[in-house]
Amino acid sequence: MPAISQLRSTLSRHYDLAPNIALADSMQDIYAKMRRVVSPADWAIYAPYVKAINDLKASKNAVVLGHNYMTPEIYHGVSDFVGDSLQLAMKATEVEADIIVQGGVHFMAETSKILSPEKIVLIPDMEAGCSLASSITADGIAQMRAKYPGAPVVSYVNTTAEVKAASDICCTSSNALQIVEALEADTVIMTPDQFLAQNVANQSRKNVVFWPGSCIVHELYTAEDLRAYRDADPQVKIIAHPECTPAVVAEADYTGSTSGIINWIHTNQPRKAMLVTECSMASNIADELPEVEFAKPCNMCPYMKKISLENILYVLHTLDNQVEVAPDIAARARLSVQRMIDLSRQLGL
Ligand code: 13P
Ligand code: SF4
């Protein structure tokens, strides 16, 4: 990826990206989905990028798969499909496009490539990592296998292809408990998220042993903070992601994947909700749910926030930042991911 100044000079030679009020006005259907959280002035800045990306997608037969943590202008403006990790992985097996642009972090793009090796998969910023994915290598999986001989390894999709290849099956936050329960063994190794594993263990009779990784976004929340928040406003509904600590999950009214959280809010329409997860989640659903007040604080994922309209446009224009996975690793990783997808479909998840 070139320096930002070079990136901008390349884009400015091919596209008119100056703020454009007339263009923004002509794209009110898209703006209506983010009016509550994006100012008209910002929309005039985003609109030329959104138009250029959507035109390029059509001419290159490309799709953008947008994770629920993308900012509203990406989530509503240019994503063809949005969802949690499991939904995006399933979508990668179904889309007929030649090019997938991953609106998300690197492990998600690798998962798309593993499942669709014939497609070009682009990640707008190669530095869009994940603290969980970087917390373990295949050697860590080998250490766990040596410590717990015979126990199957369930690895969260927030891992590198190499780690998936060394595992028996993957899971996401929306199917972790069901995957662990479906395995025949009494002892199950879960990597790399210690808190997801402990939250699963609290709902399972199995002996769940785990790797000590954590998400730098979700580990910041504390049960004390949430209790103080609820004391100040007893009506607030606290909705947490299972990457939070078990103490935080115990304070929550509901715990689920990012899409599970969105569905819960849609179904229950609380007067006030605190989403104990990444900041963009509340912004993305604010306009669909005008009656719901979203309480802060939230925490930002610095990796997800590396993805911007500007770098999406750049990689679509240049086809830079293609994600590749060595064929032997991809073949073994595909088994772990496909086992998870097959089991999830079987269980109707
Ligand atoms: P979901 O699978 O719930 O979307 O979570 C992905 C993630 O990275 C959460 O931090
Ligand atoms: Fe990884 Fe946490 Fe960011 Fe999700 S929010 S991508 S788990 S660092």
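Every number for a ligand or one of its atoms is a count from 1 in the order of the listing. Computed from heavy atoms alone, side chains included, the values below leave out hydrogens, waters and symmetry copies. Predicted model only: the values in this text are computed from it and were never measured.
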Discussion item. Can you list every protein residue that has a heavy atom under 4.0 Å from any atom of ligand 1, sorted by chain and residue number?
Written reply: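 Near ligand 1, by chain and number: H67, Y69, D84, S85, N158, S173, H218, H241, E243, S257, T258.
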
Discussion item. Quick check on side chain to side chain contact (heavy atoms under 4.5 Å, CB included): which of I307, V82, T258, V105 does H67 satisfy it with?
Written reply: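 One option only clears the test, and that one is T258.
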
Heavy-atom pair of closest approach, residues [X] and [Y]:
| X | Y | result |
| --- | --- | --- |
| M34 | E73 | SD-CA, 3.8 Å |
| V248 | C244 | CG1-CB, 3.6 Å |
| W211 | S135 | NE1-O, 2.9 Å |

Could you go through residues 325-337 and list every donor-acceptor pair under 3.5 Å that involves a side-chain atom there, pairing it with any protein atom two or more places apart or in another chain?
unit_1: R334; atom_1: NE; unit_2: I114; atom_2: O; d: 2.6
unit_1: R334; atom_1: NH2; unit_2: I114; atom_2: O; d: 3.4
unit_1: S336; atom_1: OG; unit_2: K164; atom_2: O; d: 2.8
unit_1: S336; atom_1: OG; unit_2: S167; atom_2: O; d: 3.0

Item to complete: In plain terms, say whether K113 and E110 are close enough for a salt bridge, that is, a side-chain N and a carboxylate O under 4.0 Å apart.
Response: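 No, no charged N to carboxylate O under 4.0 Å.
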
Worksheet item: Can E288 and K33 be counted as an ion pair, charged N to O under 4.0 angstrom?
Response: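 So E288 does not pair with K33 through a salt bridge.
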
Discussion item. I'd like to check which ligand 2 atoms, numbered from 1 as shown, lie under 4.0 Å from a non-hydrogen atom of Y69.
Written reply: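 Within the 4.0 Å cut-off of Y69, ligand 2 contributes 5 (S).
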
Worksheet item: Under 2.8 Å from atom 2 (Fe) of ligand 2, how many protein N/O/S atoms can be counted?
Response: 1

Discussion item. Run the side chain to side chain contact (heavy atoms under 4.5 Å, CB included) test on F210 and Q198 for me, step by step, so that the C-alpha distance in whole Å, both residues' side-chain angles and the decisive distance to 0.1 Å come before the verdict.
Written reply: CA-CA 8 Å; F210 50 84; Q198 288 166 34; 3.3 Å; yes

Fill in: Listed once per pair and sorted, the disulfide (SG to SG under 2.5 Å) pairs that draw on residues 291-349, sequence neighbours left out
C279-C298

Worksheet item: Is it true that the side chains of Y15 and H317 contain a donor and an acceptor less than 3.5 Å apart?
Response: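 On atom types as modelled, these side chains qualify, holding a pair under 3.5 Å.
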
